[in-house]
Amino acid sequence: MKRAVYPGSFDPVTLGHYDIIKRASAMTDELILGVGTNKAKNPLFSVDERVNMLQVVCKEFANVTVKPFSGLLVDFALSQGADAIIRGLRVMTDFEFELMNAQTNRVLNSSVETIFLITDPAYSYISSTGVRELGAFGADIKNFVPESVYDCIKARFDEIHDK
């Protein structure tokens with residue numbers, strides 16, 4: 001596989017995301033992390049902050065780039081010349097949701113394949129939503145996120161709690 005897009009909100013990037021990035025980057029010549037905007041969500045970090053966090057986390061991978069995007073994922077993938085979209089699956093509900101999205105993307109443009117990677121069991125319970133909720137209550141989230149991301153989350157919640 002030449003070029004793939006791994007999209008997400010990455011708010012924040014977790015060790016589960018990192019696992020998928022590491023594995024997908026080994027399978028591709030180039031992996032583009034698409035940091036999407038979702039108007040239905042109230043993010044903890046701006047798109048620029050999430051892009052910067054991912055760039056730090058992924059600096060060891062020479063074939064990984066990080067780009068923000070909005071709009072349809074399949075359009076973003078095509079604009080990047082991607083052959084495939086990578087999606088991580090943790091649980092059965094992820095599969096059902098991602099299957100519908102993959103089928104829709106295939107109808108919109110059949111030239112981009114969707115590839116599912118099963119999350120390592122060590123990270124299957126980790127979600128960005130869960131990390132944000134735990135962090136908001138002051139729980140120790142060091143085992144859920146890369147160290148550089150932990151520092152960003154701690155600083156953000158310190159700002160929020162100081163207000």
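Annotation: ring-ring contact (aromatic ring centres under 6.0 Å, His included) contacts involving residues 22-64, sequence neighbours excluded, comprise Tyr18-Phe61.
Taking CD of Gln80 as the start and NZ of Lys67 as the end, the distance is 4.0 Å to the nearest 0.5 Å. Here CE of Met53 is found 12.0 Å from SG of Cys58. Values are rounded to the nearest 0.5 Å. Atoms CD1 and CZ, from Ile126 and Phe144 in turn, are 6.0 Å apart once rounded to the nearest 0.5 Å. Note: Asn105 CG to Ser111 OG = 10.5 Å, rounded to the nearest 0.5 Å. For the atom pair CD1 of Ile153 and CG of Asp158, the computed distance is 11.5 Å after rounding to the nearest 0.5 Å. Atoms CE and CD1, on Met27 and Ile86 in that order, are 5.0 Å from each other to the nearest 0.5 Å.
Here the shortest heavy-atom pairing between Val112 and Ala82 reads CG2-O, 3.9 Å. For the pair Ala102 and Phe116, the tightest heavy-atom approach, listed with the atom from each and the gap, is CB-CZ, 4.0 Å. When all heavy atoms are compared, the tightest approach of Thr14 to Ser127 is CG2-C, 4.1 Å. Closest approach of Ser148 to Val57, counting heavy atoms only: OG-CG2, 3.7 Å.
The pair Glu60-Lys22 does not meet the salt-bridge criterion, since no charged nitrogen lies less than 4.0 angstrom from a carboxylate oxygen.
Residues Val131 and Val145 meet the side-chain proximity criterion, which asks for heavy atoms closer than 4.5 Å. Side-chain atoms of Phe76 and Pro7, non-hydrogen and from C-beta on, never get closer than 4.5 Å to each other. Counting only heavy atoms from C-beta outward, the side chains of Val35 and Phe69 never approach each other to under 4.5 Å. Put simply, the side chain of Pro43 reaches to within 4.5 Å of the side chain of Arg50, judged on heavy atoms. Between Pro68 and Thr37, the closest side-chain pair of non-hydrogen atoms is not below 4.5 Å.
The environment of Asn42 atom CG is sparse: at most 12 non-hydrogen atoms of other residues, nucleotides or ligands sit within 6.0 angstrom.
Under a 3.5 Å cut-off, the side chain of Glu49 and the backbone N or O of Ser46 do form a donor-acceptor pair. Checked by atom type and distance alone, the side chain of Arg156 never pairs as donor or acceptor with a backbone atom of Asp151 at under 3.5 Å. No donor-acceptor pair closer than 3.5 Å links the side chain of Asp19 to the backbone N or O of Leu15. When atom types are taken as modelled, the side chain of Asn63 and the backbone of Thr28 share a donor-acceptor pair closer than 3.5 angstrom.
Ile85 and Leu117 are assigned to two separate hydrophobic clusters, defined by single-linkage of ILVMFWY side chains at heavy-atom distances under 4.5 Å. Under the 4.5 Å side-chain contact rule for hydrophobic residues, Ile115 and Leu73 do not share a cluster. Note: the hydrophobic cluster containing Phe157 also contains Phe10 (ILVMFWY, side chain heavy atoms under 4.5 Å, direct or indirect links). Clustering ILVMFWY residues whenever any of their side-chain heavy atoms sit less than 4.5 angstrom apart, transitively, puts Ile21 in a cluster other than the one holding Ile118. Grouping the Ile, Leu, Val, Met, Phe, Trp and Tyr side chains by contacts below 4.5 angstrom, directly or via other members, places Val13 with Leu33.
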Between side-chain atoms of residues 91-99 and protein atoms elsewhere (two or more places apart, or another chain), which donor-acceptor pairs fall under 3.5 Å?
from  : atom 1 : to    : atom 2 : distance (Å)
Asp94 : OD1    : Arg90 : NH2    : 3.4
Asp94 : OD2    : Arg90 : N      : 2.9
Asp94 : OD2    : Arg90 : NE     : 3.1
Glu98 : OE1    : Arg87 : NE     : 2.9
Glu98 : OE2    : Arg87 : NE     : 3.2
Glu98 : OE2    : Arg87 : NH2    : 2.7

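Checked against side-chain contact (heavy atoms from CB on, under 4.5 Å), Arg132 has the following partners two or more places apart in sequence or in another chain: Asp11, Pro12, Leu44, Ser128, Thr129.
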**Message:** Walk me through whether Glu113 and Arg106 qualify under salt bridge (charged side-chain N to carboxylate O under 4.0 Å, His left out).
**Reply:** CA-CA 7 Å; Glu113 292 290 341; Arg106 186 144 183 88; 3.2 Å; yes
**Request:** Let me see the working for Thr104 and Leu108 under side-chain contact (heavy atoms from CB on, under 4.5 Å), right down to the final yes or no.
**Result:** CA-CA 6 Å; Thr104 300; Leu108 293 173; 4.2 Å; yes
